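Just below is one structure, and these are the notes that go with it.
Please read these numbers as outputs of a predicted model, since none were measured by experiment. The chains referred to below are lettered A, B, ... by the order of the sequence lines, with proteins before strands, and numbering in each begins at 1.
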Amino acid sequence: MSVSSLLIGWYRRHRRDLPWRQTRDPYAIWVSEVILQQTRVEQGLPYYQRFMQAFPCLSDLAGARTSEVLGLWQGLGYYSRARNMHQAAMQVMERYGGAMPSDYASLIALKGVGEYTAAAVASMSSSEAVPVVDGNVIRVLARLHGLEDDPGRAGMRRRLAELMKELMLGHDPGEMNQAVMEFGALQCVPRAPRCGDCPLSHHCKALALDRVEVLPFRRPAKTPRERHINYIVLTDPSSPRDLFLRKQDHQGIWKDLWTFPMVESPVAIQEEELSANPDFHRLMQGVEYHRPSLVLCLRHILSHQRLEACFFSVGLKHPSSTLPQELLRFSPGKLPPMPRLMHRYLEKGTGQGPARKP
DNA sequence: AATACGGGGCT
DNA sequence: AGCCCAGTATT
């Protein structure tokens with residue numbers, strides 16, 4: 001039995017029943033693929049359901065406000081995916097009159113659609129023979145063929161794509177793409193793969209050479225950047241539940257999401273030091289306020305940064321004093337899209353008393 | 001080719 | 001604590 005047939009056979013027995021596998025609609029498949037970028041199926045599934053309910057077809061998405069799209073993305077991370085999707089939807093309206101394309105060339109020209117997503121959507125919605133190379137494919141094929149090269153290299157990527165194209169011969173390209181990915185997600189997993197009941201164990205070069213644990217090649221990880229962020233939580237005595245938030249602009253994390261205004265410091269700072277901080281002064285220019293009081297510090301771990309976030313409550317002396325323009329007031333009932341860290345604070349920070357335990 | 005970009009789950 | 005996830009855009 002050939003490797004390709006073994007994979008398809010395994011897939012048909014073990015495939016998970018997922019909503020985007022019950023359609024050939026390129027729009028629905030595209031939505032699922034973008035949500036699943038760097039995101040596990042279990043984590044993305046509820047977002048997919050809510051997203052498709054809010055935007056059943058492409059024109060619904062194209063006509064939405066960016067803030068609404070970001071709101072549905074809230075908590076999922078990599079928010080540029082949501083912004084790019086919204087832009088891509090508008091591109092499809094202009095270029096194709098609202099009909100989502102299903103060919104690789106048209107798809108990859110869309111915002112936020114790279115090689116992987118274009119190949120995935122094209123193969124699954126129209127059976128175009130374009131191979132996907134994602135983390136699963138890299139792992140499965142590197143082990144199966146005992147490939148030691150760095151998948152970050154262009155040459156290795158091309159080789160993996162070629163191997164996928166060979167596997168596709170005589171099979172539906174979309175089904176084979178999904179079969180290898182599902183195999184990587186459920187059977188040939190990163191750590192402790194289930195080689196004991198693997199249908200490809202007799203074909204697996206890595207298993208024969210005892211290289212399963214070290215393949216695929218991994219570049220040594222860099223240590224993430226440490227940052228100390230001090231958030232200014234303004235409180236208006238006349239309506240103490242309101243939040244004063246600022247939209248993250250420029251570049252950097254959480255672009256277009258809303259957070260408390262913040263001041264960064266090289267090390268953790270005390271309440272007095274915050275008062276003396278020049279950025280703090282600039283923010284509070286022309287505002288009368290009480291002295292800052294530390295409410296709580298939270299440790300927030302991201303892939304590339306380790307944040308120590310300290311939240312300082314600052315009471316306004318006058319209920320409606322003029323505040324910097326970039327600060328907007330929000331009532332708790334209708335908050336804008338915010339990163340997880342803000343929600344963590346709002347859950348825990350409602351209590352009282354300073355606590356500085358990273 | 002290298003880096004930035006979130007958040008969560010599993011070992 | 002470290003790894004890695006159905007990656008893409010930017011540098």
Which residue, S32(A) or N84(A), contacts DNA chain C at a nucleotide closer to its 5' end, judged by nearest heavy atom?
S32(A)
Given atom CG of D256(A) and atom C1' of dG6(B), what is their separation to the nearest angstrom?
15 Å
Is any N or O donor-acceptor pair between the side chain of S303(A) and the base of dG7(B) shorter than 3.5 Å?
yes
Between C204(A) and C195(A), is the SG gap short of 2.5 Å?
no
So for T117(A) and dG7(C), does any side-chain atom that can act as donor or acceptor lie under 3.5 Å from a complementary atom in the base?
no
Kindly point out which of dG6(B), dC4(C), dA6(C) is positioned nearest to the side chain of R40(A)?
dC4(C)
Would you please say whether a donor-acceptor pair under 3.5 Å links the side chains of Y104(A) and E115(A)?
no
Between dG6(B) and dT11(C), how far apart are the two P atoms, rounded to whole Å?
15 Å
Can you tell me if W254(A) touches the phosphate of dA4(B), counting only side-chain N or O atoms and a distance under 4.0 Å to OP1 or OP2?
no
When the aromatic ring centroids of F280(A) and Y289(A) are compared, is their separation below 6.0 Å?
yes
When you measure from the side chain of W20(A), which nucleotide among dT10(C), dA6(C), dG7(C) comes out closest?
dA6(C)
By nearest atom, which of the nucleotides dG7(B), dA6(C), dA2(B) is closest to the Y79(A) side chain?
dG7(B)
I want to verify a distance call: between dG6(B), dA6(C), dT10(C), whose nearest atom is closest to the Y116(A) side chain?
dA6(C)
Under a 4.0 Å N-O cut-off, is there an ion pair linking R15(A) with E182(A)?
no
When you measure from the side chain of K222(A), which nucleotide among dA6(C), dT3(B), dG6(B) comes out closest?
dT3(B)
Checking dC4(C), dG8(B), dG2(C) against the side chain of R218(A) (C-beta onward), the nearest is dC4(C)
Nearest to the side chain of Q37(A), heavy atoms from C-beta on, is which of dC5(C), dG7(B), dG7(C)?
dG7(C)
OP1 or OP2 of dG6(B) sitting under 4.0 Å from any side-chain N/O of H300(A)?
no
Could you say whether E42(A) or G112(A) is positioned toward the 5' end of DNA chain C, judged by the nucleotide with the nearest heavy atom to each?
E42(A)
Counting only distance, no hydrogens or angles, is the base of dG6(B) paired donor-acceptor with the side chain of T39(A) under 3.5 Å?
yes
